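Since this is a predicted model, take the numbers as computed values, not measurements.
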Amino acid sequence: MWQQLPRLVQDHIINKNINVYVINAYEVARNAGMGGRINTVMQVCFFALANVLPREEAIAQIKKYIRKTYGKKGEDIVQMNIKAVDAALDHLHQVTIPNAIDENAGDIHNPIPDTAPAFIRDVLGKMMARQGEDIPVSALPCDGTYPSGTAKWEKRNVAQEVPVWDEDVCVQCGKCVLVCPHAVIRSKVYEEAALTNAPASFKSAPAKDLDWKKTNLKFTIQVAAEDCTGCGICVDVCPAKNKSQPKLKAINMAPQLPIREQERENWDYFLSIANPDRNTLKLNKISHQQMQEPLFEFSGACAGCGETPYIKLATQLFGDRMVVANATGCSSIYGGNLPTTPWTHNQEGRGPAWSNSLFEDNAEFGLGFRVSIDKQAEFATELVKSLASDIGETLATGILTAQQKDEADIFEQRERVAILKHRLGELSNSNLDESMQAKVTMLQSVADYLVKKSVWIIGGDGWAYDIGYGGLDHVLASGRNVNILVMDTEVYSNTGGQASKATPRAAVAKFASGGKPSPKKDLGLMAMTYGNVYVASVAMGAKNEHSIKAFLEAEAYEGVSLIIAYSHCIAHGINMTTAMSHQQELVESGRWLLYRYHPDLVGEGKNPLQLDMRSPKLPVERTMYQENRFKMLARSKPDAAKKLLKQAQNDVNTRWQMYQYLAARQLEIGNGNGHSKGNIEKETTVN
């Protein structure tokens with residue numbers, strides 16, 4: 001162990017006469033059945049070495065508080081922790097400290113390579129190395145803005161195991177790429193010539209999709225091993241089985257350290273391969289959609305986080321023109337915490353512009369983005385009209401009449417704006433009168449606003465259902481073209497697991513230790529009452545394509561759109577590895593509904609509400625008691641738990657029946673005289 005320590009660290013240890021102890025805490029935790037949870041093991045080590053209490057007394061107190069803390073979660077949890085306590089001291093070893101520094105000792109590893117941009121290397125790098133006190137104030141951004149795309153430099157290497165792709169078993173469905181919470185799994189298709197200088201360990205396979213197979217493209221799934229958190233969700237969702245070894249799939253977990261170096265080289269080479277042309281991708285297919293580059297990557301969110309896959313998806317679809325207002329909460333911590341940010345940009349330098357606001361005003365904050373952008377786009381439109389004869393009538397008409405509904409439309413508008421800016425440059429260099437020059441200069445400054453900006457207001461249920469609901473309701477009523485993404489964890493995740501109005505009945509949380517007595521607030525139904533708000537309720541683990549479709553429809557809708565996304569959370573007390581599968585069971589029990597409410601369908605003579613799921617077939621008890629937040633109540637207050645469970649089942653039954661009715665109802669079109677002109681067709685439930 002001594003030989004592994006850097007020279008500077010060895011010097012400090014010797015000069016300060018420091019005693020050094022080591023323990024493989026992960027091994028102890030795994031053997032005790034606790035997975036990667038090492039807090040109990042490390043607590044034992046602290047009290048054993050700190051002499052705050054006599055060792056025997058400290059161990060006894062730890063075991064006492066284990067029962068107090070984990071007793072409600074079950075005797076098996078208690079025994080796992082006690083087993084870890086008993087094993088911890090046997091695995092704690094003191095390091096023998098020599099009198100001199102090892103002559104082969106190396107220097108402290110520089111967290112940032114020399115190839116990094118100067119600001120990343122000299123400012124953020126010092127923060128990563130815990131040398132922030134050495135940074136002069138003059139080196140910090142004077143306007144408070146920081147560059148995006150910095151999380152990729154922070155190679156944390158926190159995972160004990162990482163996913164490894166088996167190209168022979170893979171069906172190339174893209175599900176593992178879609179659900180990865182940290183965007184560390186990527187896929188690409190490319191010409192075989194791109195493999196000419198590939199590392200020997202770089203994997204590829206012939207593309208199986210018919211669109212790619214006919215042109216003999218190659219396919220690769222690559223993992224950023226140094227950025228992975230080892231959650232294992234990708235393995236759980238993989239549908240491809242290894243027939244020769246049934247326990248294995250097309251992607252499997254393997255120790256990270258032995259493959260770290262080769263996968264670093266493979267990742268770098270993977271990034272050097274050009275991304276597929278976005279205009280050729282069929283976004284209704286997951287395998288195609290997941291070829292889009294994510295502009296949210298390597299966040300510091302919990303391993304297996306249920307929120308980040310939705311953010312990543314939004315950036316893949318619209319990230320090169322997104323403007324994001326983010327409410328305080330988990331998403332602001334993993335989204336904008338120094339020294340790095342996971343929000344990034346593409347090779348053209350385009351990416352989301354992100355800013356955080358408070359719980360109570362984030363909706364208004366995002367609405368302000370929309371109002372400002374619309375005003376500048378309006379100003380740019382006026383200038384194009386007034387300069388139409390100078391820049392070309394055809395170009396001006398094309399810019400002003402562009403639909404900008406999908407990827408192809410945006411691409412074409414960008415090309416028009418690029419031509420416009422070129423012509424404005426030519427005009428600016430010609431002999432213009434003062435009035436004309438002023439118009440050209442002003443249009444140059446706002447020309448980019450002629451390309452549609454995608455405004456997103458993002459936050460959790462604590463913001464949307466509770467503290468920020470008044471502002472959210474104001475935005476819902478505004479009719480402006482904003483997109484609202486509520487990542488519903490059903491609890492105040494970031495502040496310690498307090499109950500919110502999104503917390504379901506019978507769940508235990510802070511401020512609801514006896515089980516929440518009231519049902520969950522139905523935010524989606526409340527938004528539908530406006531009639532002109534697009535509303536979708538999605539759960540990525542239950543129906544991947546449905547989530548993608550909802551995001552595309554919401555962004556294309558010319559008005560307010562609200563997506564409520566079920567986001568599993570470590571605070572639920574679940575196995576995070578199988579959390580996506582758990583989402584599917586939640587839908588099958590009716591605890592979470594999948595639907596889309598599209599106001600434009602009324603104009604087509606259709607019911608705007610579409611249920612995108614089958615009738616619930618599982619009792620809520622089955623899914624509830626897979627989560628500690630419900631199981632705890634059954635152990636501490638069984639009578640109350642039984643009563644609340646019955647009420648929770650009634651909640652689900654009543655809500656499902658109401659939504660079934662709303663989705664199947666016949667809508668009558670009035671003729672202004674109080675009489676019906678006819679019926680809108682009955683909308684059937686989709687599977």
Side-chain angles (χ1 to χ4, degrees), residues 116-117 119-120 141 143 145-153 183 186 188 270-281 283 288-299 308 310-326 335-336 340-356 366 369-370 372-374 376-377 380 398-399 402-422 424-425 443-458 481-483 485 548 551-552 554-556:
F119 182 80
I120 308 295
D143 60 356
T145 61
Y146 274 75
S148 62
T150 51
K152 67 181 179 182
W153 299 104
R186 309 278 178 90
K188 279 183 184 178
F270 177 84
L271 294 180
S272 72
I273 299 174
N275 291 309
D277 183 354
R278 291 172 65 95
N279 292 319
T280 65
L281 299 176
L283 301 187
H288 276 238
Q289 190 279 313
Q290 285 305 303
M291 292 291 162
Q292 293 182 303
E293 181 183 10
L295 299 181
F296 182 87
E297 59 183 10
F298 317 141
S299 76
T308 50
Y310 297 109
I311 298 177
K312 182 187 72 172
L313 174 61
T315 68
Q316 287 176 295
L317 294 169
F318 325 112
D320 59 351
R321 53 192 176 88
M322 281 179 79
V323 182
V324 182
N326 199 132
T340 62
T341 175
W343 297 92
T344 187
H345 50 266
N346 58 23
Q347 288 184 335
E348 289 76 41
R350 296 192 180 101
W354 180 94
S355 190
N356 164 240
F369 288 179
R370 181 77 273 167
S372 173
I373 289 168
D374 286 350
Q376 292 180 83
I399 289 172
Q403 291 295 308
Q404 302 194 68
K405 285 283 187 182
D406 55 27
E407 188 83 26
D409 290 346
I410 297 294
F411 177 80
E412 291 173 0
Q413 182 73 340
R414 279 208 177 110
E415 289 196 320
R416 295 187 196 100
V417 171
I419 296 171
L420 169 65
K421 291 163 80 172
H422 178 72
L424 291 174
L443 183 52
Q444 285 176 315
S445 70
V446 294
D448 287 329
Y449 287 94
L450 294 165
V451 177
K452 179 183 176 183
K453 300 293 183 289
S454 189
V455 175
W456 286 81
I457 303 172
I458 294 176
N481 188 12
V482 296
N483 308 287
L485 173 60
I548 295 173
F551 272 80
L552 289 169
E555 206 279 334

- Message: Between Phe411 and Asp406, does the side-chain contact (heavy atoms from CB on, under 4.5 Å) criterion hold? Intermediate values first, please.
- Response: CA-CA 9 Å; Phe411 177 80; Asp406 55 27; over 6 Å; no
- Examine distances only and state if a side-chain atom of Lys188 and a backbone atom of Phe270 form a donor-acceptor pair shorter than 3.5 Å. yes
- Message: How close do Leu420 and Ala447 get, counting heavy atoms only, and between which atoms?
- Response: CD2-CB, 4.3 Å
- Message: With a 4.5 Å cut-off on side-chain heavy atoms, are Gln316 and Leu295 touching?
- Response: no
- Which of parallel (below 30°), tilted (30 to 60°) and perpendicular (above 60°) describes Phe296 and Trp343? perpendicular
- Message: Can a donor-acceptor pair be found, under 3.5 Å and without considering hydrogens, that links the side chain of Gln404 to the backbone of Leu450?
- Response: yes
- Message: Using the salt bridge (charged side-chain N to carboxylate O under 4.0 Å, His left out) definition, which of the options Lys312, Arg186, Lys152 pairs with Glu297?
- Response: Arg186
- Item | Closest heavy-atom pair and its distance - Arg416, Ala402 | NH1-CB, 3.5 Å
- Message: Quick one, Gln413 and Lys452 - any side-chain contact, counting heavy atoms below 4.5 Å?
- Response: no
- Mind running side-chain contact (heavy atoms from CB on, under 4.5 Å) on Asp374 and Gln376 for me, showing each step along the way? CA-CA 5 Å; Asp374 286 350; Gln376 292 180 83; over 6 Å; no
- Message: Evaluate Tyr310 against Ile458 for side-chain contact (heavy atoms from CB on, under 4.5 Å), listing each step before the verdict.
- Response: CA-CA 10 Å; Tyr310 297 109; Ile458 294 176; over 6 Å; no
- Task: Kindly indicate, with the supporting measurements, whether the criterion salt bridge (Lys or Arg N to Asp or Glu O under 4.0 Å) is fulfilled by Asp448 and Lys421.
- Result: CA-CA 9 Å; Asp448 287 329; Lys421 291 163 80 172; 3.0 Å; yes
- Does CD belonging to Gln347 count more than 12 external heavy atoms closer than 6.0 Å? no
- Closest non-hydrogen atoms of Gly149 and Thr344, given as atom of the first, atom of the second and distance, are CA-OG1, 3.1 Å
- Taking the side chain as every heavy atom from C-beta outward, state whether Thr341 and Tyr146 have any pair of such atoms under 4.5 Å apart. no
- Task: Check whether any side-chain heavy atom of Ile457 lies under 4.5 Å from a side-chain heavy atom of Phe369, and answer yes or no.
- Result: no
- Query: Is there side-chain contact between Arg414 and Asp320, with at least one heavy-atom pair below 4.5 Å?
  - Reply: yes
- Item | Gap between atom CD of Glu555 and atom CG of Leu485 - 0.5 Å precision | 13.0 Å
- If you measure from CG on Asn279 to CG on Asp409, what distance do you get to the nearest 0.5 Å? 10.0 Å
- Least distance between heavy atoms, Ala183 atom then Pro294 atom: CB-CG, 4.2 Å
- Message: With a 4.5 Å cut-off on side-chain heavy atoms, are Leu283 and His288 touching?
- Response: no
- Query: Would Gln292 and Arg278 satisfy side-chain contact (heavy atoms from CB on, under 4.5 Å), going step by step from the backbone distance to the final call?
  - Reply: CA-CA 7 Å; Gln292 293 182 303; Arg278 291 172 65 95; 3.2 Å; yes
- Report yes or no: does Asn483 contribute a side-chain atom to a donor-acceptor pair with the main-chain N or O of Trp456 at less than 3.5 Å? no
- Query: Of all heavy-atom pairs between Arg370 and Val455, which one has the smallest distance, and what is that distance?
  - Reply: NH1-CG2, 3.6 Å
- Is there side-chain contact between Thr150 and Phe119, with at least one heavy-atom pair below 4.5 Å? no
- Please name the pair of heavy atoms, one in Leu281 and one in Pro276, separated by the smallest distance, quoted to 0.1 Å. CD2-CB, 4.3 Å
- Item | Test item: Glu412 and Gln403 side chains (from C-beta on) under 4.5 Å apart, heavy atoms | no
- Look up atom CD in Glu293 and atom NE2 in His345, then write down how far apart they are to the nearest 0.5 Å. 9.0 Å
